[in-house]
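Report on the structure given below.
As the structure is a computational prediction, the values presented were derived from the model and not from experiment.
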Amino acid sequence: MPEFKTSPGTRDILAPHSARWRAFQEVFARTVEAAGYSYIIPPMFEDLDVFLRLGEATEVVTKEMYDFHDKGGRHVALRPEQTASVCRAFVEHRPTTPWKVWYSGPNFRYEKPQQGRYRQFDQVGVEALGADDPLLDAEVIALAAKFYADLGLRKVHLSINTLGDEGDREKYSQQLSRYLTTNEKSLTSESRATLERNPLRVLDSKREPDQKVIAGAPAIRDSISATANEHFEAVLQSLDALNIKYEINNRLVRGLDYYRRTTFEFTSTALEAAHTAIGGGGRYDGLVEALGGPATPGIGFALGLDRTLLACDAEQVFDAPQTAVDVFVVDTVNGRHAQELCHLLRSNGVRADRAYDLRSMKAQMKSADRSGAQIALIIGSEEVEKATIMLRPMGSGEQYSIARKDLLGEVRKALDTK
RNA sequence: GUGGGCGUAGCUCAGUUGGUUAGAGCGCCAGGUUGUGGUCCUGGAGGCCGGGGGUUCGAGACCCCUCGUCCACCCCA
């Protein structure tokens, strides 16, 4: 057993999986940049207070933060998500609105790891700040849906809800609290504890006894303001116009307390177990203000790479891309011919690799096979004498001699006909 | 954070009621083929049986602790 292993909830991502990750990020970049979102790279840690603004009832903040004091005595934390950082960046730089950005990178939450749940986990996402327009809500949701489709996913389910405005949320929270308190005896002890902290979160409970109580709970849509309701209607209408299928789920509250109005979640129906949630987001119209900026509306979403890729596995789509070289050079003379040929080929845009330590031809051919190269170039003493190279298209069982000076042309020709 | 399953070779896993030098397949290396891979054959390397303690004449198997991992809850991506 090795002395050192990765920390719990972290892991190395090796080929071919790593190539898939990169491709994933590239597809995302293409999708959102085509909609006018620019790339932002926020720092991985910030002043702890930035994240505390996410809400005192948010478990991500209260229980799962990776925080520490740095050598200068600052109390900092690894980011648990990126929305807060983006809003902080907005306040710090005051870009013109609407400010539409996308990001990609790791976040950190101190949780008990499971499949699809890591302490360091990657998300991609977008945030759009400075516009109230319900059409923007629909655009953001449509963008996420398009991205899933671009990956090839079909079994993605969209749930949507509105939490009303700040006052509505509070009003509903009290109303719900009254209802739940009345029925407290029927709730599980866990939910009774949750009820103390944040009544809205009780709606998330999947426990049987709670489900019965929740089924009879008042719905938030009945207690939101006319303007918030109007906003929600407009979002739905726009989604209909874009032909995006959704299900209104008035129990959907989500774990981050900053959400106002529109909130949504994508689940994969191809996945089972606890990690079906592959992405989500919503409006957070009070967050910029909470971070000391001017009242600025905002909306965004984040998708988990791991879970989305698990969904891809389940649907057997979005395979890892091939990263093979084009050519493998076998040199049984001294290795220097391979060195020079590789250099020449690479300089001319041909992907080339070789073996080292002057191993036997058999061993080098085996490496050539494993490399996935389409052709092997073989150089032995005979070739060196005649200034030729043996060109062997892999898989054909045939090979032919070419003049060394014709290398580039012959290689290109052989690659083309493949 | 709570509860449960599982930790044996690089990987996937066997390992009888505790009994001598711990196995297989795949992968890796070498040879069969002194210039040729993908098939086949032969051989080889590679394990403090997750770690620590205990029971026993004897532990990979049993007990305790610990760490890791997986599953459920919780939370969420």
Please report the C-alpha distance between A:E46 and A:S85 in whole Å, then the side-chain angles of each, then the deciding distance to 0.1 Å, and finally whether the side chain to side chain donor-acceptor pair (under 3.5 Å) criterion is met.
-> CA-CA 8 Å; A:E46 302 243 10; A:S85 295; 2.8 Å; yes

Considering only atom [atom1], compute the distance from [N] to [M] and round it to an integer number of Å.
N      : M      : atom1 : answer
B:rU17 : B:rG44 : P     : 32 Å
B:rU20 : B:rG3  : P     : 38 Å
B:rU12 : B:rG4  : C1'   : 24 Å
B:rC29 : B:rG37 : C1'   : 16 Å
B:rG38 : B:rU33 : C1'   : 16 Å
B:rC41 : B:rG51 : C1'   : 42 Å
B:rC28 : B:rG35 : P     : 24 Å
B:rU34 : B:rG27 : P     : 23 Å

For [N], the Watson-Crick or wobble partner whose two distances fall under 3.5 Å:
N      : answer
B:rU36 : none
B:rG68 : B:rC6
B:rU12 : B:rA24
B:rC73 : B:rG1
B:rC62 : B:rG54

Round to the nearest Å and state the distance from [X] atom [atom1] to [N] atom [atom2].
X      : N      : atom1 : atom2 : answer
A:L271 : B:rA72 : CG    : P     : 12 Å
A:Q364 : B:rA30 : CD    : P     : 11 Å
A:K112 : B:rG3  : NZ    : P     : 8 Å
A:Y110 : B:rG1  : OH    : C1'   : 10 Å
A:K5   : B:rU69 : NZ    : P     : 8 Å
A:L310 : B:rC70 : CG    : C1'   : 14 Å
A:R119 : B:rC75 : CZ    : P     : 18 Å
A:D357 : B:rC28 : CG    : P     : 17 Å

Touch check for A:R11, heavy atoms < 4.0 angstrom, all strands: base, sugar-phosphate only, or nothing?
->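 The answer is nothing, as A:R11 stays clear of every strand by at least 4.0 Å.
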
How is A:G9 classified with respect to the nucleic acid when contacts are heavy atoms under 4.0 Å: base, sugar-phosphate, or nothing?
->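 Sugar-phosphate contact only.
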
Counting side-chain heavy atoms from C-beta on, which of B:rU69, B:rG3, B:rC74 comes nearest to A:P8?
->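 The nucleotide sitting nearest to the side chain is B:rU69.
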
When you get a sec, tell me which of B:rA30, B:rA77, B:rC74 is the closest nucleotide to the side chain of A:R307?
->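 Comparing B:rA30, B:rA77, B:rC74 against the side chain of A:R307, the answer is B:rA77.
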
A:E127 versus A:Y284: any side-chain heavy-atom pair under 4.5 Å?
->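 Result yes, sub-4.5 Å side-chain heavy-atom pair found.
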
Between A:F147 and A:F28, is the ring centre distance below 6.0 Å?
->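 Ring-ring flag for A:F147/A:F28: true, centres closer than 6.0 Å.
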
Could one point to a donor on the side chain of [X] or the base of [N] with an acceptor on the other under 3.5 Å away?
X      : N      : answer
A:Q114 : B:rA72 : yes
A:R117 : B:rC74 : yes
A:E111 : B:rA77 : yes

Distance-only side-chain donor-acceptor flag, A:E383 / A:T388, under 3.5 Å |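 No, A:T388 and A:E383 have no side-chain donor paired with an acceptor closer than 3.5 Å.
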
Any side-chain donor-acceptor pair under 3.5 Å between A:E81 and A:N107?
->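 Note: A:E81 and A:N107 side chains miss the donor-acceptor criterion.
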
Nearest nucleotide by nearest heavy atom, which residue falls closer to the 5' end of RNA chain B, A:S7 or A:E64?
->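 Of the two residues, A:S7 wins.
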
Residues forming a side chain to side chain contact (heavy atoms under 4.5 Å, CB included) with A:A128, sequence neighbours excluded |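 Counting only residues at least two positions away or on another chain, A:A128 forms a side chain to side chain contact (heavy atoms under 4.5 Å, CB included) with A:Y37, A:K100, A:L136, A:I299.
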
Summarise how protein sits on nucleotides 34-39 of chain B as a single string, 5' to 3': B when a protein heavy atom is under 4.0 Å from the base, S for sugar-phosphate-only contact, - for no contact.
-> -BBBB-

Is it the case that A:R11 places NZ or CZ above or below the six-membered ring of A:Y118, under 6.0 angstrom from the centre and within 45 degrees of the axis?
->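 The answer is yes; both the distance and angle limits are met.
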
Between A:F301, A:Y148, A:Y246, which is the residue that forms a ring pair (Phe, Tyr, Trp, His ring centres under 6.0 Å) with A:F266?
->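 When ring pair (Phe, Tyr, Trp, His ring centres under 6.0 Å) is applied between A:F266 and each of A:F301, A:Y148, A:Y246, only A:Y148 qualifies.
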
Could you tell me whether A:D70 atom CG has more than 12 heavy atoms of other residues or ligands within 6.0 Å of it?
->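 Counting neighbours around CG of A:D70, more than 12 heavy atoms of other residues, nucleotides or ligands fall under 6.0 Å, so yes.
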
